[in-house]
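Here is the structure we will look at.
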Amino acid sequence: MSANKIQHKVNHVALVVDCSGSMRPHQSQLIRVVDEFVAGLKAESDSLGHETRISLYSFDHKVENLVWDMDVKHLPSMRGLYQVNNGATALIEASLKSLDDLGHIWEEYGEHSFLQIVVTDGEENASGGDRRHDGDMAILGPWLDRITAKMSGLPGHWTSAILVPNSLAKRTAQNYGFPAGNIAIWDADSQKGVEEAIGTVRAAATSFLRGREQGVRGTKNLFAVGQDISVDEVRAKLEPIPADRYRLLKVDKEVEIRPFVDSHPGVTYERGSCYYQLGARAQVQQNKEVIVVEKDTDRAYTGDAARSLLFGTGVQGTVSVKAGNNPKLEVYVQSRSVNRKLKPKTRLLIML
């Protein structure tokens with residue numbers, strides 16, 4: 001390759017959405033929030049100068065491609081494309097078909113990366129035949145072998161992720177080969193569940209695109225935040241908090257937030273003044289502020305741009321996230337709970 005040839009970044013995103021009968025209460029909302037997800041992909045791609053192409057699939061007991069590898073700038077609304085049916089859930093078949101289809105894309109020129117995200121509110125019961133009706137569970141065996149082989153053989157620049165409704169479905173997804181860090185649980189029974197799920201997906205996709213700027217083409221820790229930002233970005237985009245306006249307290253054992261704060265001289269618990277260090281997965285509501293802290297200096301930064309820096313431009317509502325591995329930075333989330341359990345080996349930031 002010529003030394004002056006530009007290797008432009010091309011992202012291929014496949015969103016694979018359950019359309020079985022149980023998704024009926026979510027249909028209109030899902031259309032709206034998927035449209036918002038696509039708008040977020042377009043905005044982030046434009047900001048970074050990437051080419052991002054999207055494929056959309058829906059599945060019940062049948063798998064259908066709705067849009068194939070289209071530039072996100074030209075994608076029409078999901079309205080008129082996505083339709084809930086009365087079928088079962090061919091989860092494995094849908095996951096495999098979208099991966100197999102993406103595998104036909106020519107990668108000779110440009111620097112390509114592939115991101116598949118599956119959204120389901122149920123568990124596999126239809127690949128190779130609708131077992132709600134025929135009861136033949138033996139059909140599933142070969143499909144299990146196929147998906148585990150496919151997942152284990154994905155190249156390093158491919159990322160496969162899934163949103164599932166509960167912890168049992170998460171274990172099943174892990175058995176299929178989805179990396180644990182690429183599985184998130186969403187509330188399929190709540191009114192806000194779909195919006196939160198797509199908000200989580202949108203934040204993850206933003207993180208994925210930004211990671212490409214750092215040379216990361218694939219990840220097994222997609223649903224994590226803060227791993228893709230730098231100290232320079234934080235200093236440039238966020239507002240420093242004066243050192244005399246906050247304190248950082250070390251947490252040695254699991255303890256409730258209020259008595260922990262009150263046990264330290266010079267501070268008293270006040271609702272909304274405490275920020276817990278993000279670690280394991282947490283639900284971060286839209287009205288919760290976030291703070292980023294430099295590990296080496298304990299300098300803290302916040303501001304209106306903090307949420308968009310961490311979760312993506314225009315991400316609304318609650319997002320389900322966990323802390324990514326960033327050697328330079330820590331993320332803190334506002335708590336208004338008097339009995340939140342603080343985790344050992346973390347810190348608590350208190351605004352004075």
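Side chains included, hydrogens not; waters and symmetry mates left out as well; all remaining heavy atoms used. Remember, predicted model here, so these are calculated numbers, not experimental data.
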Margin query: Any side-chain to backbone donor/acceptor pair from R247 onto M351? Under 3.5 Å, distance only.
Written below: no

Note to self: For the residue pair E111 / H157, report whether a side-chain donor-acceptor contact shorter than 3.5 Å exists.
What the structure shows: no

Margin query: I'd like to know if V201 and L81 are part of one continuous hydrophobic network [Ile/Leu/Val/Met/Phe/Trp/Tyr, side-chain heavy atoms within less than 4.5 Å].
Written below: yes

Check: Are E254 and K343 close enough that some pair of their side-chain heavy atoms sits under 4.5 Å apart?
Finding: yes

Checklist line | Any donor-acceptor N/O pair, S263 side chain to F260 backbone, under 3.5 Å | finding: yes

Item checked: Y301 six-ring centre to R235 NZ/CZ under 6.0 Å and within 45° of normal -> no

Check: Which heavy atom in V261 sits nearest to a heavy atom in V267, and how many Å separate them?
Finding: O-CG2, 3.5 Å

Margin query: Could you see if V216 belongs to whatever hydrophobic cluster contains L41? Use Ile, Leu, Val, Met, Phe, Trp, Tyr and a side-chain cutoff under 4.5 Å.
Written below: no

Next item on the list: Go through I117 and I162 one step at a time and tell me if the side-chain contact (heavy atoms from CB on, under 4.5 Å) criterion holds.
Entry: CA-CA 5 Å; I117 302 177; I162 188 169; over 6 Å; no

Note to self: Under a plain distance cut-off of 3.5 Å, with no hydrogens placed, do D69 and S55 share a side-chain donor-acceptor pair?
What the structure shows: no

Next item on the list: Check whether any side-chain heavy atom of L154 sits under 4.5 Å from a side-chain heavy atom of S160, and report yes or no.
Entry: yes

Notebook entry, point to check: Under the side-chain hydrogen bond (donor to acceptor under 3.5 Å, both in side chains) criterion, do S95 and Q116 qualify, and how do the steps go?
Noted result: CA-CA 8 Å; S95 302; Q116 176 206 54; 4.7 Å; no

Checklist line | Heavy-atom neighbours of R245 CZ exceed 12 at 6.0 Å | finding: no

Note to self: Just verifying a value: how many Å separate S127 OG and I147 CD1, rounded to the nearest 0.5 Å?
What the structure shows: 8.0 Å

Margin query: For the CD atom on E123, are there more than 12 heavy atoms of other groups (residues, nucleotides or ligands in this structure) within a distance under 6.0 Å?
Written below: yes

Next item on the list: Find the distance between CG (L163) and CD1 (I183) and round it off to the nearest 0.5 Å.
Entry: 10.0 Å

Checklist line | N287 CG: over 12 foreign heavy atoms closer than 6.0 Å | finding: yes

Item checked: hydrophobic_cluster_shared for V255 and L349, side chain cutoff 4.5 Å -> no

Notebook entry, point to check: Does E64 come within less than 4.0 Å of K62, counting only side-chain N to carboxylate O?
Noted result: no

Item checked: Pairwise side-chain contact, L96 with I92, heavy-atom cut-off 4.5 Å (strictly under) -> yes

Item checked: Ionic contact status for K150 with D100, cut-off 4.0 Å -> yes

Notebook entry, point to check: Which pair of non-hydrogen atoms, one from M78 and one from D35, has the smallest distance, and what is that distance?
Noted result: N-OD1, 2.9 Å

Item checked: Verdict with supporting geometry, V292 and L310, side-chain contact (heavy atoms from CB on, under 4.5 Å) -> CA-CA 9 Å; V292 181; L310 288 167; 4.3 Å; yes

Next item on the list: Return the minimal non-hydrogen interatomic distance between A306 and V290, and the atom names on each side.
Entry: CB-CG2, 3.5 Å

Checklist line | Taking every non-hydrogen atom, the tightest pair across D60 and C19 | finding: N-SG, 3.7 Å

Item checked: Sidechain N-carboxylate O distance under 4.0 Å for E256, R340 -> no

Checklist line | Separation between OG of S58 and CG of L66, rounded to the nearest 0.5 Å | finding: 4.0 Å

Check: Any chance the side chains of D121 and S22 put a donor and an acceptor closer than 3.5 Å?
Finding: yes

Note to self: Has E239 got a side-chain atom pairing as donor or acceptor with G303's backbone, closer than 3.5 angstrom?
What the structure shows: no

Next item on the list: Taking all heavy atoms of A300 and all of Y246, pick out the closest pair and write down the distance.
Entry: N-OH, 3.2 Å

Notebook entry, point to check: For A203, does its backbone N or O pair with a side-chain atom of S207 as donor and acceptor, under 3.5 Å?
Noted result: no

Notebook entry, point to check: Between K73 and D46, does at least one N-O distance fall below 4.0 Å, as a salt bridge requires?
Noted result: yes

Item checked: E93 (side chain) donor-acceptor with A90 (main chain) under 3.5 angstrom -> no

Item checked: Aromatic plane relationship, Y109 with W106 - under 30° parallel, 30 to 60° tilted, over 60° perpendicular -> perpendicular

Next item on the list: Let me know which of T302, V333, L238 forms a side chain to side chain contact (heavy atoms under 4.5 Å, CB included) with I291.
Entry: T302

Checklist line | Donor + acceptor pair across side chains of T120, D18 (<3.5 Å) | finding: yes

Next item on the list: Would you check if there is a donor-acceptor pair between the side chains of E289 and Y275 at a distance under 3.5 Å?
Entry: yes

Margin query: Give me the atom names and distance for the closest heavy-atom approach of H12 to I105.
Written below: ND1-CD1, 3.5 Å

Check: Counting N and O atoms only, with roles assigned by atom type, does the side chain of N326 sit under 3.5 Å from a partner on the main chain of L329, one being a donor and the other an acceptor?
Finding: yes

Check: What pairs with K288 under salt bridge (charged side-chain N to carboxylate O under 4.0 Å, His left out), at least two apart in sequence or on another chain?
Finding: none

Checklist line | Between T219 and N221: side-chain donor-acceptor atoms closer than 3.5 Å | finding: no

Check: Between L48 and V10, is there a shared hydrophobic cluster once you connect ILVMFWY residues whose side-chain heavy atoms come closer than 4.5 Å?
Finding: no

Margin query: A side-chain contact here means heavy atoms from C-beta on lying under 4.5 Å apart; do V16 and V119 qualify?
Written below: no

Note to self: Are Y269 and L342 connected into the same hydrophobic cluster when the rule is that any two of I, L, V, M, F, W, Y join if their side-chain heavy atoms are below 4.5 Å apart?
What the structure shows: yes

Note to self: How about NZ on K97, more than 12 heavy atoms from neighbouring residues, nucleotides or ligands closer than 6.0 Å, or not?
What the structure shows: no

Margin query: Using only atom types and a distance under 3.5 Å, with no angle test, would you say the side chain of R258 pairs donor to acceptor with the backbone of R271?
Written below: no

Check: Between R32 and E36, does at least one N-O distance fall below 4.0 Å, as a salt bridge requires?
Finding: yes

Item checked: S337 side chain vs N339 backbone, donor-acceptor pair below 3.5 Å -> yes

Check: Is there a donor-acceptor pair closer than 3.5 Å between any side-chain N or O of N65 and the backbone N or O of Y57?
Finding: no

Notebook entry, point to check: Once the angle between the rings of F114 and W158 is folded into 0 to 90°, is it parallel (under 30°), tilted (30 to 60°) or perpendicular (over 60°)?
Noted result: parallel

Note to self: With a 6.0 Å cut-off (strictly less than), is the heavy-atom count around CZ of R79, excluding the residue itself, greater than 12?
What the structure shows: no

Next item on the list: First locate atom CD of E294, then atom CZ of R299, and finally report the distance between them rounded to the nearest 0.5 Å.
Entry: 5.5 Å

Note to self: Show, in sequence, the C-alpha distance, side-chain angles and deciding distance for L30 and Y82, and conclude whether the side-chain contact (heavy atoms from CB on, under 4.5 Å) test is met.
What the structure shows: CA-CA 9 Å; L30 187 94; Y82 177 80; 3.3 Å; yes

Notebook entry, point to check: Going by atom types alone, do R212 and N11 pair a side-chain donor with an acceptor below 3.5 Å?
Noted result: yes

Margin query: Working to the nearest 0.5 angstrom, can you tell me the gap between F208 CZ and T52 OG1?
Written below: 8.5 Å

Next item on the list: Nearest 0.5 Å please: distance from the CG atom of L249 over to the CG atom of D252.
Entry: 10.5 Å

Checklist line | E44 versus S47, side-chain donor and acceptor atoms under 3.5 Å | finding: no

Item checked: Qualifying ring-ring contact (aromatic ring centres under 6.0 Å, His included) pairs with a residue from residues 24-53, counting only residues at least two apart or across chains -> H26-W186

Notebook entry, point to check: Who passes side chain to side chain contact (heavy atoms under 4.5 Å, CB included) against R347, sequence neighbours left out?
Noted result: L248, Q277, V293, D298, E330, Y332

